[in-house]
Amino acid sequence: MKCSKCERDAVYFQRHSNRPLCKRHFVEDFERRVKYSVNRFKMIERGDRIAIALSGGKDSTTLTFVLKKLYSQIKDLEFFAITVDEGIENYREKTVKVAEKICRELDLEHVVVKFKDYFGLTLDEIVKVGEKKPCTYCGVFRKYLLNKTARELGATKLATAHNLDDEAQTIMLNFINADVERLARLIPQRKQEGLVMRIKPFREIYEREIVVYGFLNDLPIIFDECPYSETPVRAPVRDFLYDFERKYPGRKFSILRSFEKILPALHSMYPQINLNKCERCSEPTPRKICQACNLLSEIMK
Ligand code: SF4
Ligand SMILES: [Zn+2]
Ligand SMILES: [Zn+2]
């Protein structure tokens, strides 16, 4: 199959645009769309010091590479990477190594922070004593550490590798769960004291495209799955959307666009509340005690 834009052989068939693309034109299209999202939401601006949440998995490794490639020439702009090591045996060690490798190759400042050092326990140890699901502890503690570390190291924004598939799933899940307030919070209304603004440069890029881009650029991509990953609620939504997208390409974009159209209404229904400082750890929280401190005291009991 020939590329729809030139005479070269195609390496990828882009279903949503119905076009075969060669390596050069695939890469061009991918990077153009990342820049489009970044510009649309003013994700990256001069004077920014951007922390990249780099787990060392395929998405965040590719994100780190792309951001450095597209934006490292701009003056007054800095990037650094944060890797959270939750302490998951036979899994996290490998991705931390990938994260270290890519940062070395890109000459990028890199910080690794460990659950063990901050919370006194690894995730493996936490799940042995805690009653909640591993992903609950992991999600809360990781978000907490990423925000705290990014802020303490002077970050103005925190870039995460959430892709179009993730976003479409989250939007649908919130609808299904009637959690409209959470849906409203998916895109923050303004900057909040103590909370580093999150940006998602891959929000309009399919997961499949991220993998292909990674391979085409010889990035160290690994497909190992976390041993705790079981997403009982998310999985059927993910499978449904995958099926729907296969039959009607581009529908994940439609979900995102519909969400963006109703966002102003969602924001006026649920105005962003001011955050307090947690009474125990001083991190930002809408409550008196933050979720991380609550979970920690529950585990310590
Ligand atoms: S699957 Fe769950 S436990 Fe594993 S890294 Fe992701 S959030 Fe953490
Ligand atoms: Zn081409
Ligand atoms: Zn706290």
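Start at 1 and go down the list; that is how both ligands and their atoms are numbered. The figures that follow rest on heavy atoms only: side chains count, while hydrogens, waters and symmetry mates do not. Model, not experiment: these values are computed from the prediction.
- In this structure, Arg142 has a heavy atom closer than 4.0 Å to ligand 1.
- Contact annotation: Cys135 places an N, O or S atom under 2.8 Å from atom 2 (Fe) of ligand 1.
- With a 4.5 Å cut-off on side-chain heavy atoms, Phe115 and Leu121 do not count as touching.
- Less than 4.0 angstrom separates some heavy atom of Leu123 from each of these atoms of ligand 1: 3 (S).
- Nearest protein heavy-atom neighbour of atom 4 (Fe) of ligand 1: Cys226 SG, 2.3 Å.
- Checked against a 6.0 Å centroid threshold, the rings of Phe202 and Phe30 count as neighbours.
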* Between Phe79 and Leu106, is a side chain to side chain contact (heavy atoms under 4.5 Å, CB included) present by the stated rule, with each step listed? -> CA-CA 11 Å; Phe79 291 98; Leu106 297 174; over 6 Å; no
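- Between the side chain of Thr61 and the backbone N or O of Lys58, no donor-acceptor pair lies under 3.5 Å.
- Distance alone, capped at 3.5 Å, places no donor-acceptor pair between the Thr149 side chain and the Leu146 backbone.
- Protein heavy atom closest to atom 8 (Fe) of ligand 1, with residue, atom name and distance, is Cys138 SG, 2.3 Å.
- Not a single protein heavy atom sits closer than 4.0 Å to atom 6 (Fe) of ligand 1.
- Side chain of Thr285 to main chain of Cys278: no donor-acceptor pair is present (N/O by atom type, distance under 3.5 Å, no hydrogens or angles).
- Using modelled atom types, one finds a donor on one side chain and an acceptor on the other under 3.5 Å when comparing Ser60 with Ser55.
- A distance-only check finds a donor-acceptor pair linking the side chain of Asn163 to the backbone of Asp165 [under 3.5 Å].
- Within the 3.5 Å criterion, the main-chain N or O of Met43 finds a donor-acceptor partner in the side chain of Lys157.
- Around the Zn ion (ligand 2), the protein contributes the following N, O or S atoms at distances under 2.8 Å: Cys3 SG, Cys6 SG, Cys22 SG, His25 ND1.
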